[in-house]
Structures are given as structure tokens and as C-alpha cells.
Trainee: 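Sharing a structure, written as C-alpha cells. Questions coming.
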Protein chains: 2
Amino acid sequence: MIEAMCDSKMSKEAIQAQLRESQLKVTVPRLRVLAVLNSSKKSHYSAEDVYRILLKMHQDVGLATIYRVLAKFEQAGLVLRHHFEGEYALFELAYKEHHDHMICLDSHKIIEFKNDSIEEAQKQIAKQYGFELVDHRLVLYVRKIKQ
Amino acid sequence: MIEAMCDSKMSKEAIQAQLRESQLKVTVPRLRVLAVLNSSKKSHYSAEDVYRILLKMHQDVGLATIYRVLAKFEQAGLVLRHHFEGEYALFELAYKEHHDHMICLDSHKIIEFKNDSIEEAQKQIAKQYGFELVDHRLVLYVRKIKQ
DNA sequence: CTAATTGCAAAAGCTTTGCAGCGCA
DNA sequence: TGCGCTGCAAAGCTTTTGCAATTAG
């Protein structure tokens with residue numbers, strides 16, 4: 001079967017390897033979902049996004065399956081789940097370097113950024129309160145500066 | 001009519017004033033919702049929380065109304081909406097000093113904290129990218145340190 | 001071969017909306 | 001009095017679940 005690679009940055013073999021490393025069974029739906037997430041079009045997808053993209057490629061996967069696959073991926077640490085706008089979840093591959101997000105309130109564009117001093121400060125704050133930092137979410141809501 | 005003050009930190013008059021200042025009509029449901037939000041029990045409530053608390057006090061307000069009231073309050077800047085866990089929204093009064101949140105993954109307790117250097121760094125980052133910071137959400141997911 | 005995975009449809013949250021009646025300013 | 005607010009029930013969305021059939025290892 002010929003699978004359109006969805007403009008993926010990764011070979012099909014590499015994607016299969018991602019699954020095996022995570023101790024996940026290699027199935028057609030999982031490969032298809034990973035191919036979409038790996039595609040270079042954008043990096044944040046809702047379950048519905050993935051569903052529609054696969055529909056358009058005539059590589060349909062049931063929406064319920066997509067939710068189950070994404071949940072498995074998240075559990076395996078392959079994928080991160082975000083709730084930027086609150087109504088629905090967005091997923092992105094986790095293998096990238098850690099980063100936070102900036103969302104433009106005008107264009108709804110998502111920009112990724114990283115700042116070490118903020119990362120470090122977070123750890124310190126958790127420690128101050130007697131906790132260890134497990135994870136965090138930082139989202140900046142911004143607007144283009146008008147001149 | 002005698003309104004149980006729901007252990008509020010604010011007098012009924014002060015709560016009415018909050019509404020008038022925001023140019024909102026003073027109605028019974030709005031006063032009741034504000035009384036709950038102002039109560040000292042906790043500071044983050046879901047719409048359902050507010051609904052059930054008012055039920056228990058025999059000061060029922062329709063759930064739909066609570067959602068509409070909270071939306072109005074948010075719009076007026078009286079209330080902040082959070083999506084800590086993603087599934088549902090939590091609301092808190094906005095008049096308090098700005099702060100971020102730390103959530104214990106074991107106890108689900110919500111701890112508020114403030115850190116000026118992080119606040120400042122955020123502004124700088126937005127600026128670097130040609131944006132102005134409008135708002136932000138920082139949530140730390142933590143666990144008690146085990147000895 | 002066995003346990004895990006899939007697809008479909010149905011159900012389950014949370015939240016919003018339509019509409020008729022009520023209430024604040 | 002007039003516009004906005006409320007309640008109820010119904011609808012909307014995203015996400016989850018039950019179940020029988022299919023598939024990976």
C-alpha cells in the first residue's frame with residue numbers, strides 16, 4: 001500500500017521506529033496519525049484537524065480512533081496536549097526541544113519560544129513551596145505592536 | 001429578602017458596588033453568583049460548583065444563567081477564566097493581585113504564586129518578537145517532594 | 001492464537017442558544 | 001415602559017465508550 005507521506009519530515013521507517021520505541025503496536029491508523037503530526041505544514045493539530053486531513057488524503061481513520069491514538073501517544077510521551085483556547089485540545093509532537101507558546105490574539109498564530117531563565121525560575125518556585133516541578137504550561141497572549 | 005452571605009469577605013453593598021462599577025445591572029442571580037465567588041471557602045469555581053453551592057443554599061440560579069453571568073463578568077473584567085485541566089473552566093475574581101497557579105498532581109490543590117522576574121521576562125519576550133503582552137497563563141504542575 | 005486495536009454509533013460531559021416571561025433602570 | 005435578564009429545555013461541540021469485527025505480534 002502506498003501511503004502519501006503527508007509532506008512528513010520523517011521517513012516511514014523513522015515513524016515506525018517512533019512507535020516501536022514507545023512499545024506501541026504499529027498499526028495503519030497510528031502510522032497515519034503520526035505522519036500528519038510529523039508533517040511540516042504546522043505543528044499543532046486538533047483531533048478534528050487530523051481527521052479532516054486524513055479524509056482529504058483518502059486515508060480515513062475514524063475520529064474515535066484518532067482520539068484513542070492521540071491519548072495513547074500522549075501517555076507514551078510521544079505527544080503533548082495543549083488547551084490554548086480552552087474549547088478543544090491541540091496536539092504536538094513531544095520530541096522537539098521544550099518550548100512555550102505565544103498566541104497572537106489578532107491572527108491566532110502560534111509562535112514557539114524558549115527562555116531558560118523562566119524555566120529555571122519555575123523550578124525554584126516549585127521548590128520554595130516544597131514541590132518538584134513535573135510539567136508546566138506557559139502561554140503568552142499578545143498583539144502586534146501598532147506604530 | 002435575606003440572602004445568606006455565603007461566608008463572603010464582602011458586604012452585600014460592596015458586591016452591588018462591584019456590579020455598578022462594571023456597568024452591569026444589579027440582579028438577584030448576579031448578586032448570588034458574586035457572593036459565591038467572594039466567599040472565603042476557595043477561590044476557583046466551575047459553573048457547576050457555583051450552581052451546586054447555590055442549590056444547597058436554596059438560592060437556586062439556573063445553570064444557563066450562571067454561564068451567562070460568568071461570561072458577562074469575564075467580559076467586564078470582574079472574573080478570570082482558567083482551563084487548568086482542560087475539561088472545564090474555572091472562574092476566579094479578578095480584583096485580586098495578579099498571580100499564577102501551581103497545581104499539585106496528587107492532591108489537585110491549587111496554589112497561587114507571584115514572581116516578578118517571570119512577569120518581566122514575559123514582557124521582554126513578547127517585545128522581542130514585535131508583540132505587546134496582553135495577557136498570559138502560567139501553570140506549574142507539581143508533586144510533593146518525597147523524602 | 002490472544003490480546004490489543006479499530007469503526008461505528010450512541011452517550012457523555014460541558015457550554016450555548018431559542019424563546020417566552022420577568023425585572024431592573 | 002423598554003431592553004436586558006432569567007429559566008427551561010433543547011441543541012451543540014468536543015471527547016469518550018460499548019461492542020462486534022479485525023489485526024498485530
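Quick note on labels: first sequence line is chain A, next is B, and so on, each numbered from 1. Quantities reported herein were computed from a predicted structural model and do not represent experimental measurements.
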Trainee: I need the NZ-P distance between A:K72 and D:dT16, as an integer number of Å.
Mentor: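 For the pair A:K72 NZ and D:dT16 P, the rounded distance is 14 Å.
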
Trainee: Supply the atom-to-atom distance A:L55 CG to A:Q59 CD, rounded to the nearest 0.5 angstrom.
Mentor: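 It comes to 11.0 Å.
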
Trainee: CD of A:E87 versus C1' of C:dT16: gap in Å, rounded?
Mentor: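 Rounded to whole Å, this separation is 12 Å.
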
Trainee: Going by distance alone, is a donor N or O of one side chain under 3.5 Å from an acceptor N or O of the other, for B:H136 and B:D100?
Mentor: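 Note: B:H136 and B:D100 side chains meet the donor-acceptor criterion.
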
Trainee: Please produce a list of atom pairs where a protein N or O lies less than 3.5 Å from an N or O of nucleotides 23-25 of chain D.
Mentor:
{"residue": "D:dG25", "atom": "OP1", "partner": "A:V26", "partner atom": "N", "Å": "3.1"}

Trainee: Figure out the CD/P separation between B:Q75 and C:dT16, and round it to whole Å.
Mentor: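 Atom-to-atom, B:Q75 to C:dT16, this comes out as 12 Å.
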
Trainee: Side chains of B:K56 and B:R52, heavy atoms from C-beta outward: is any pair under 4.5 Å?
Mentor: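 No - every pair of side-chain heavy atoms lies 4.5 Å or more apart.
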
Trainee: For the side chain of A:P29, counting heavy atoms from C-beta on, which of C:dT6, D:dG7, C:dT15 is nearest?
Mentor: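 Minimum distance to the A:P29 side chain belongs to C:dT6.
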
Trainee: Please confirm whether the shortest side-chain N or O distance from A:R68 to OP1 or OP2 of C:dT6 is below 4.0 Å.
Mentor: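 For A:R68, the contact criterion (side-chain N or O under 4.0 Å from OP1 or OP2 of C:dT6) is not met.
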
Trainee: When you measure from the side chain of A:D49 to the backbone of A:S46, do you find a donor-acceptor pair of N or O atoms at a distance under 3.5 Å?
Mentor: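 It does hold such a pair.
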
Trainee: From OH of A:Y67 over to C1' of D:dG18, roughly how many Å is that when rounded to an integer?
Mentor: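 So the OH-C1' distance, A:Y67 to D:dG18, works out to 18 Å.
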
Trainee: Choose from D:dC5, D:dC8, C:dT15 the nucleotide whose nearest atom is closest to any side-chain atom of B:A64.
Mentor: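 From the listed options, D:dC8 comes nearest.
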
Trainee: What is the distance from NE2 of B:H83 to C1' of D:dT14, rounded to the nearest Å?
Mentor: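 It works out to 13 Å between those atoms.
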
Trainee: Between D:dT6 atom P and B:I66 atom CD1, what is the distance in whole Å?
Mentor: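 Value for this atom pair: 10 Å.
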
Trainee: In whole angstrom, give the distance that lies between atom OH of B:Y88 and atom C1' of D:dT15.
Mentor: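 Atom OH in B:Y88 sits about 16 Å away from atom C1' in D:dT15.
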
Trainee: Please work out if B:A89 contacts a base, only the sugar-phosphate, or nothing of the nucleic acid, heavy-atom cut-off 4.0 Å.
Mentor: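 Answer is sugar-phosphate: B:A89 comes under 4.0 Å of backbone atoms only.
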
Trainee: To the nearest Å, give me how far apart CZ (B:R32) and C1' (D:dT6) are.
Mentor: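 The answer, rounded to whole Å, is 12 Å.
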
Trainee: Is B:I103 close to B:V142 at the side-chain level, that is, under 4.5 Å between some pair of heavy atoms?
Mentor: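 SC-SC contact between B:V142 and B:I103 ruled out.
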
Trainee: Should the ring pair A:H82 and A:F84 be called parallel, tilted or perpendicular, given that the plane angle runs from 0 to 90° and is split at 30 and 60?
Mentor: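 Plane angle under 30°, so parallel.
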
Trainee: Answer with yes or no whether the side chains of B:Q124 and B:E120 bring together a donor and an acceptor at under 3.5 Å.
Mentor: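 A donor-acceptor contact under 3.5 Å links the two side chains.
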
